[in-house]
Amino acid sequence: MKNKFYITTPIYYVNDNPHIGHAYTTILADVLTRYHRNIGDDTFFLTGVDEHGQKVKQAAEKRGLSPLEHCNDLAPRFINLWKKLGIEYSDFIRTTEARHIKVVQSALQKAYDKGDIYLNEYEGWYSVSEERFITDTEKDSGQFRDIKKLKEKNWFFKMSKYQQKLIGHINANPQFIRPESRKNEILGFLRQPLTDLCISRPKDRMDWGIELPFDKDYVTYVWFDALLNYITGCGYGSDETKFRKWWPAEIHLLGKDILTTHCVYWTTMLFSLELPLPKSIFAHGWWLTGETKMSKSLGNIVNPLDMIDQYGVDALRYFLMREMVLGQDANFTLEAFIKRFNSDLANDFGNLLNRVSGLIGKYFNGIVPEPGNKTEAEIYIEETAGNLEGKIKGLILDMRINEAIEETLQLVRSVNKYMEHSAPWQVAKSDLVRAGTILYTASEALRLAALFLSAVMPQKTSVVLDVLGSLGSKTSWGGLKPKTVLKPHEALFPRLEVPK
RNA sequence: CGCGGGGUGGAGCAGUCUGGUAGCUCGUCAGGCUCAUAACCUGAAGGUCGCACGUUCAAAUCGUGUCCCCGCAACCA
């Protein structure tokens with residue numbers, strides 16, 4: 001029986017073009033999905049876009065488009081980027097789709113019938129220019145002009161009702177919120193009594209949203225709209241068999257900014273709907289440039305599309321996965337990218353392929369030699385490679401992707417060392433059998449390294465595997481067949497010039 | 001006392017939960033090799049782990065205090 005693995009990214013807000021942050025989360029989800037598929041799990045990977053709300057409406061108006069026209073223009077930009085990044089999602093959801101609207105309305109009705117939704121008057125500071133209520137903190141910041149006190153009737157969700165239940169769930173499931181520091185943050189947040197959640201907007205003020213099934217003068221606002229995508233996407237309300245198969249998700253991936261939304265709002269909504277909670281919510285950190293966060297307003301966004309065109313998809317995926325310690329913030333600089341590219345991908349990994357294929361070409365006419373008797377050196381390489389699979393599995397399940405990659409690179413480095421010490425280019429002059437053993441061992445280790453990196457760099461690793469005639473081969477030692485004819489190839493990752 | 005994260009050789013980080021010779025990558029210096037993408041390999045220099053006190057046979061790791069940096073404070077991944 002296969003394990004199932006359902007992973008989600010947040011749905012991205014379409015008020016602007018996709019940037020490195022969106023790309024990062026989505027690549028991470030893709031890497032995890034590919035990894036699980038590689039080890040034989042049945043996988044479902046959901047991503048998509050969030051298309052309702054004030055900011056989308058405003059962005060559309062600015063361009064002289066209707067909100068839907070604006071969304072129809074933006075959604076493909078995400079889809080195209082994912083294609084370029086080699087993202088293999090299972091489904092891409094848009095919150096304006098009929099299937100989703102149906103789910104949102106039935107969920108709202110269900111919560112309403114249960115008595116979890118009620119009408120109340122809300123009073124707060126309203127920014128006329130922004131056309132929205134602002135928080136006290138925002139008011140105190142003094143960045144908003146044109147503000148006034150405003151009273152408005154709205155619908156509220158009884159989040160407070162589920163507070164204790166949620167605290168109990170978090171305590172009973174240590175893996176529920178990861179990393180642990182985030183769990184502590186949420187538990188800290190839950191020490192205060194929860195207030196109920198405002199989930200509506202009157203249509204006369206904001207009409208770009210899904211109408212409340214029990215009050216046609218209102219649309220639902222954000223929470224019941226966006227978060228429910230996770231169950232719409234896997235069949236809730238449309239395909240019961242599919243839904244039962246996939247829900248609950250193994251992982252909701254998200255950035256640390258929307259931690260509370262997912263850990264508190266979403267979970268209490270699920271309680272109200274009487275659905276199981278996701279197995280795990282994982283919040284990662286942010287990409288920083290220098291000291292500051294990469295953000296639209298600062299204009300220091302790295303455009304992932306430019307990176308792909310210049311350096312290749314796999315290099316970008318590699319850098320993002322290798323450089324960030326999951327859960328913490330990381331720095332994105334071109335300098336670090338180039339260093340990483342040259343030292344890991346060009347000098348260690350790509351160069352090893354050249355060494356091996358060059359030598360086999362020269363001394364064995366490009367045909368993989370039969371390995372002979374093993375010495376201690378071969379046994380060491382074989383053991384290192386053999387232990388790697390289990391080690392990587394532990395690290396990936398623990399969301400330590402960067403360490404899993406580093407372990408694999410350590411194998412690559414040890415093979416380079418092995419080559420240096422056993423010098424097959426000299427041995428070949430007197431002992432072809434011995435040289436063959438060395439080259440077989442090195443190629444086989446390289447094949448395994450490529451397999452272990454394939455979730456991160458699907459394109460380049462399949463080039464390596466193809467050269468070795470080993471596409472689709474297994475992760476056990478000996479998968480490389482002697483007598484295989486190596487295919488010619490280019491340099492895998494040509495070194496980059498360091499900009500002065 | 002709002003909440004959280006961080007301060008480890010020149011740079012970037014791991015290690016801190018489960019005390020016991022301080023580890024990785026990059027950079028620097030010297031040497032080797034020459035199959036390879038001026039790549040690779042070997043060796044070296046460089047850290048009193050922010051600071052102070054405490055617990056202990058033993059502290060980067062535990063406790064207390066203190067200084068500094070950075071986020072968050074209800075929809076930027």
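Numbered from 1 within each chain, the chains take letters A, B, ... in sequence-line order.
Put simply, the side chain of A/Glu444 gets close to the backbone of A/Leu480: a donor and an acceptor are under 3.5 Å apart.
For residues 24-34 of chain A, the set of pairs meeting the salt bridge (Lys or Arg N to Asp or Glu O under 4.0 Å) definition, not counting sequence neighbours, comprises A/Asp30-A/Arg34, A/Asp30-A/Arg317, A/Arg34-A/Glu88. Sorted by first and then second residue, the side chain to side chain donor-acceptor pair (under 3.5 Å) pairs involving residues 346-359 of chain A (not counting sequence neighbours) are A/Asn347-A/Arg495, A/Asp348-A/Arg413, A/Arg355-A/Asn416, A/Arg355-A/Glu420, A/Ser357-A/His489. Under the side chain to side chain donor-acceptor pair (under 3.5 Å) criterion, the residue pairs touching residues 421-438 of chain A are A/Glu378-A/Arg434, with sequence neighbours excluded.
The side chain of A/Asn347 contributes an N or O atom lying less than 4.0 Å from OP1 or OP2 of B/rC40. Taking side-chain N and O atoms only, A/Gln426 has no distance below 4.0 Å to OP1 or OP2 of B/rC33. Phosphate contact (OP1/OP2 of B/rA77, side-chain N/O of A/His284, threshold under 4.0 Å): absent.
By the 6.0 Å and 45° rule, A/Lys183 does not stack over the aromatic ring of A/Phe176.
The interatomic distance linking A/Arg322 (CZ) with B/rC24 (C1') rounds to 8 Å, in whole Å. Atom CH2 in A/Trp425 sits roughly 8 Å away from atom C1' in B/rU34 (whole-Å rounding). Rounded to an integer number of Å, the gap from A/Gln410 CD to B/rC40 C1' is 15 Å.
For A/His252, the side-chain hydrogen bond (donor to acceptor under 3.5 Å, both in side chains) partners are A/Thr8, A/Trp266, not counting sequence neighbours. Under the side-chain hydrogen bond (donor to acceptor under 3.5 Å, both in side chains) criterion, A/Thr232 pairs with A/His100, sequence neighbours left out.
Closest to the A/His421 side chain, of the nucleotides B/rC75, B/rA77, B/rU42, is B/rU42. Of the candidate nucleotides B/rA39, B/rA77, B/rC75, B/rC75 has the atom lying nearest to any side-chain atom of A/Trp223.
With both pairing distances under 3.5 Å, B/rC17 is matched to nothing as a Watson-Crick or G-U wobble pair. Pair assignment for B/rG4: B/rC70, on the basis of Watson-Crick or G-U wobble contacts that are both within less than 3.5 Å. Pairing of B/rC35, defined by two Watson-Crick or G-U wobble distances under 3.5 Å, is not identified with any nucleotide. Pair assignment for B/rU28: B/rA44, on the basis of Watson-Crick or G-U wobble contacts that are both within less than 3.5 Å. Searching all strands for a Watson-Crick or G-U wobble partner of B/rA77 with both distances below 3.5 Å returns nothing.
Annotation: of the two residues near RNA chain B, A/Asp50 and A/Lys256, the 5′-most nearest-nucleotide partner is A/Lys256. The residue among A/Ala346 and A/Arg182 whose nearest nucleotide of RNA chain B lies closer to the 5′ end is A/Arg182.
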Please list, for nucleotides 26-28 of chain B, all pairs of protein and nucleotide N/O atoms separated by less than 3.5 Å.
unit_1: B/rC26; atom_1: O2'; unit_2: A/Lys339; atom_2: NZ; d: 3.3

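Counting atom types as modelled, A/Tyr13 pairs no side-chain N or O with a base atom of B/rC75 as donor and acceptor under 3.5 Å.
Annotation: B/rU64 and B/rA44 have their P atoms spaced 41 Å apart (nearest Å).
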